[in-house]
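Below you'll find the structure, written out as structure tokens, and then a few comments.
Just the heavy atoms: all of them, side chains too, but no hydrogens, waters or symmetry mates, feed the values below.
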Amino acid sequence: MRVRVAPVPWDDADGAALRARQQDELRARYAGESEPGTPPSGADVALFLVARDAAGAAVGCGGLRPLEEGVAEIKRMYVDPLARGTGVADALLAALEAAATERGWTTLRLETGERQPDAMRFYARAGYAEIPPFGPYVGAPFARCFERRLA
């Protein structure tokens with residue numbers, strides 16, 4: 001699938017709709033459990049991207065939240081189920097990594113959950129190594145955390 005990835009404001013309607021669908025999917029997988037930590041917002045996400053297919057439909061999203069010197073966290077990475085397996089996630093992740101490098105972040109971290117084996121496989125294939133839970137994810141029952149040092 002040909003995809004175009006571009007930054008949008010946090011409150012962009014397509015981005016908000018994608019984030020809402022992601023949260024619906026996660027609530028279903030985790031029986032309504034809320035996510036650990038502070039949910040991301042326009043105040044703490046430095047960059048938010050939306051991926052669009054050739055027809056212009058929003059099919060995926062992802063953002064970067066600064067954590068500490070040289071480190072950012074991937075937040076709200078999501079691809080519409082109908083677009084999975086088409087390269088959208090690869091394009092989003094590549095764009096997030098490029099943006100992190102441009103901003104001087106040398107390490108990206110993320111949290112996913114044990115009930116998302118597809119996400120864990122995706123990140124492992126992309127070079128992310130599983131790490132102990134960090135920050136608000138320490139002690140969270142379903143949290144699985146990953147990290148990649150960027151070149």
Side-chain angles (χ1 to χ4, degrees), residues 1-67 71-130 136-137 140 142-151:
M1 170 185 291
R2 199 177 101 223
V3 64
R4 181 176 46 90
V5 179
V8 299
W10 178 259
D11 60 358
D12 172 80
D14 288 332
L18 288 162
R19 290 192 308 271
R21 292 197 328 250
Q22 181 218 30
Q23 291 301 293
D24 289 345
E25 184 176 322
L26 292 177
R27 277 190 290 278
R29 284 189 191 212
Y30 293 94
E33 289 281 329
S34 62
E35 70 181 288
T38 303
S41 70
D44 66 2
V45 172
L47 173 74
F48 193 72
L49 304 175
V50 168
R52 297 181 184 283
D53 64 16
V59 293
C61 63
L64 294 173
R65 175 163 64 182
L67 292 178
V71 182
E73 181 181 10
I74 296 173
K75 295 301 295 180
R76 295 301 188 259
M77 177 92 168
Y78 175 74
V79 174
D80 182 274
L82 296 176
R84 292 179 187 165
T86 65
V88 173
D90 293 321
L92 271 167
L93 188 58
L96 289 168
E97 290 174 347
T101 299
E102 289 171 8
R103 287 165 171 76
W105 293 321
T106 57
T107 302
L108 286 181
R109 292 184 186 145
L110 64 98
E111 182 270 340
T112 187
E114 66 183 28
R115 295 182 185 167
Q116 294 164 265
D118 44 344
M120 290 187 287
R121 283 190 304 273
F122 170 75
Y123 290 116
R125 271 194 320 272
Y128 286 74
E130 190 162 359
Y137 311 113
F142 301 112
R144 300 288 289 274
C145 295
F146 291 79
E147 177 181 277
R148 180 169 181 219
R149 298 198 186 275
L150 304 174

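- Here OG1 of Thr112 is found 10.0 Å from CD of Glu130. Values are rounded to the nearest 0.5 Å.
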List the steps, then state whether side-chain contact (heavy atoms from CB on, under 4.5 Å) holds for Asp12 with Phe48.
CA-CA 9 Å; Asp12 172 80; Phe48 193 72; over 6 Å; no
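- Applying the side chain to side chain donor-acceptor pair (under 3.5 Å) test to pairs two or more places apart or on separate chains, those with a residue in residues 81-96 are Glu25-Arg84.
- The stretch residues 107-119 participates, sequence neighbours left out, in these salt bridge (charged side-chain N to carboxylate O under 4.0 Å, His left out) pairs: Arg29-Asp118, Glu68-Arg109, Arg109-Glu147.
- Taking both residues in full, the closest heavy atoms of Val45 and Gly63 are given as CG1-CA, 4.3 Å, listed atom of the first, atom of the second, then distance.
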Using residues 3-10 as the side-chain source, report each donor-acceptor pair under 3.5 Å to any protein atom, sequence neighbours left out, with the distance given to one decimal.
none

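- Applying the side chain to side chain donor-acceptor pair (under 3.5 Å) test to every pair with at least one member in residues 53-62, sequence neighbours left out, gives no pairs at all.
- Ala100 meets the side chain to side chain contact (heavy atoms under 4.5 Å, CB included) test with Leu64, Trp105, Leu108, Leu150; sequence neighbours excluded.
- The CG atom of Leu93 sits 11.0 Å away from the CZ atom of Arg125 when rounded to the nearest 0.5 Å.
- Smallest separation of non-hydrogen atoms from Val88 and Ala51: CG1-CB, 3.9 Å.
- Across all their heavy atoms, Pro36 and Tyr137 have their closest contact at CG-CD2, 3.5 Å.
- Atom-to-atom distance recorded for Met77:CE and Leu49:CG is 9.5 Å, nearest 0.5 angstrom.
- Note that SG of Cys145 is 8.0 Å distant from CD of Glu73, once rounded to the nearest 0.5 Å.
- Aromatic ring pairs are classed by plane angle as parallel below 30°, tilted from 30° to 60° and perpendicular above 60°; the pair Tyr128 and Tyr123 is perpendicular.
- The side chain to side chain contact (heavy atoms under 4.5 Å, CB included) search around Gln23 returns Leu26, Arg27, Glu35, Arg76, not counting sequence neighbours.
- The minimum heavy-atom distance linking Ala58 with Asp14 is given by the pair CB-CB, 3.7 Å.
- Residues Lys75 and Asp44 are not paired through a salt bridge, judged by the lack of any N-O separation under 4.0 Å between the basic side chain and the carboxylate.
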